[in-house]
Amino acid sequence: MRFIPPMFHAILDYVTVAIFAAAPSLLGLEVAAAWLSYLLSGVHLLMTLLTDFPGGVMKVIPLTWHGWVECVVGPALVILAFVAPFPAEAKLFYGVMGAIIIVAWATSQYEPEASRKSGQAPAS
């Protein structure tokens with residue numbers, strides 16, 4: 001069931017950016033895990049700023065594309081938690097963040113506002 005509206009999803013995106021940015025210091029992540037976290041923070045921030053939804057600034061990425069990126073990134077982080085040669089705390093961090101992104105993806109409304117109001121299926 002997709003009950004998280006785009007505005008609340010935008011807030012979640014900015015919180016996710018902050019978590020990825022703060023995690024290396026707060027969790028004491030080793031170098032590779034820390035750089036990955038900073039990279040994910042930057043990419044997520046850029047994608048959020050460029051998405052065509054209430055939290056976006058430039059609005060050039062369709063909201064449905066934003067959703068597809070999260071559909072890929074969430075499971076990729078869960079897989080990373082199992083295969084990366086990271087210490088246990090980094091594996092746990094990436095596994096939990098991946099799971100959170102999967103839940104956010106599964107519960108967020110990624111179709112444009114006009115499609116939701118008219119009952120039309122979103123364009124792919």
Side-chain angles (χ1 to χ4, degrees):
M1 179 198 291
R2 296 190 180 263
F3 56 86
I4 295 177
M7 184 61 211
F8 187 69
H9 184 93
I11 294 167
L12 293 176
D13 279 339
Y14 287 112
V15 170
T16 300
V17 167
I19 290 169
F20 276 125
S25 297
L26 294 177
L27 301 176
L29 298 180
E30 56 92 28
V31 176
W35 277 107
L36 178 59
S37 191
Y38 291 133
L39 176 67
L40 288 168
S41 176
V43 169
H44 207 100
L45 176 61
L46 185 62
M47 187 175 73
T48 302
L49 291 171
L50 295 177
T51 297
D52 185 8
F53 72 152
V57 175
M58 294 190 65
K59 302 179 186 297
V60 294
I61 298 173
L63 184 55
T64 52
W65 292 10
H66 181 111
W68 283 112
V69 170
E70 290 180 345
C71 177
V72 171
V73 170
L77 290 178
V78 172
I79 292 167
L80 180 75
F82 288 99
V83 301
F86 292 157
E89 67 275 357
K91 287 179 177 261
L92 179 62
F93 170 67
Y94 285 112
V96 168
M97 288 303 292
I100 290 169
I101 290 170
I102 290 168
V103 170
W105 170 80
T107 58
S108 291
Q109 299 168 348
Y110 289 106
E111 63 275 2
E113 183 80 21
S115 295
R116 283 197 313 274
K117 287 182 179 176
S118 69
Q120 298 173 354
S124 8

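All residue numbers refer to positions in the sequence shown, counting from 1.
- No side-chain donor-acceptor contact under 3.5 Å links T16 and H44.
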Kindly list each side-chain donor-acceptor pair under 3.5 angstrom involving residues 83-104, sequence neighbours excluded, with atom names and distances?
| residue | atom | partner | partner atom | Å |
| --- | --- | --- | --- | --- |
| K91 | NZ | A84 | O | 2.6 |
| Y94 | OH | A33 | O | 2.6 |
| Y94 | OH | S37 | N | 2.9 |

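- Here the closest heavy-atom approach between residue L63 and residue Q109 is recorded as CD2-O, 3.7 Å.
- Summarising the geometry, atom CG belonging to L40 is positioned 13.0 Å from atom CH2 belonging to W35; distances are rounded to the nearest 0.5 Å.
- The two atoms that bring F53 and P6 nearest to each other are CD1-O, 3.6 Å, heavy atoms only.
- There is a path of hydrophobic side-chain contacts, each under 4.5 Å, that joins F20 to L45.
- Grouping the Ile, Leu, Val, Met, Phe, Trp and Tyr side chains by contacts below 4.5 angstrom, directly or via other members, places V15 with V57.
- A distance-only check finds no donor-acceptor pair linking the side chain of T107 to the backbone of R2 [under 3.5 Å].
- Atom OH of Y14 sits about 4.0 Å away from atom CG of L49, to the nearest 0.5 Å.
- Cluster annotation: L46 and W65 are assigned to the same hydrophobic cluster (Ile/Leu/Val/Met/Phe/Trp/Tyr, side-chain heavy-atom contacts under 4.5 Å, transitive).
- Across every non-hydrogen atom of C71 and W105, the tightest pair is CB-NE1, 3.4 Å.
- Considering all non-hydrogen atoms of both residues, T64 and Y110 come closest at CG2-O, 3.4 Å.
- To the nearest 0.5 Å, the span separating CG on L36 from CG on L77 amounts to 7.0 Å.
- Here the CD atom belonging to E70 is positioned 5.0 Å from the CG atom belonging to D13, to the nearest 0.5 angstrom.
- Residues M47 and V60 are members of one and the same hydrophobic cluster, defined by side-chain heavy-atom contacts under 4.5 angstrom among Ile, Leu, Val, Met, Phe, Trp and Tyr.
- If you take NE2 on H9 and NE2 on H66, they are separated by 3.5 Å, rounding to the nearest 0.5 Å.
- A continuous path of hydrophobic side-chain contacts links M58 to I61 [ILVMFWY only; heavy atoms under 4.5 Å].
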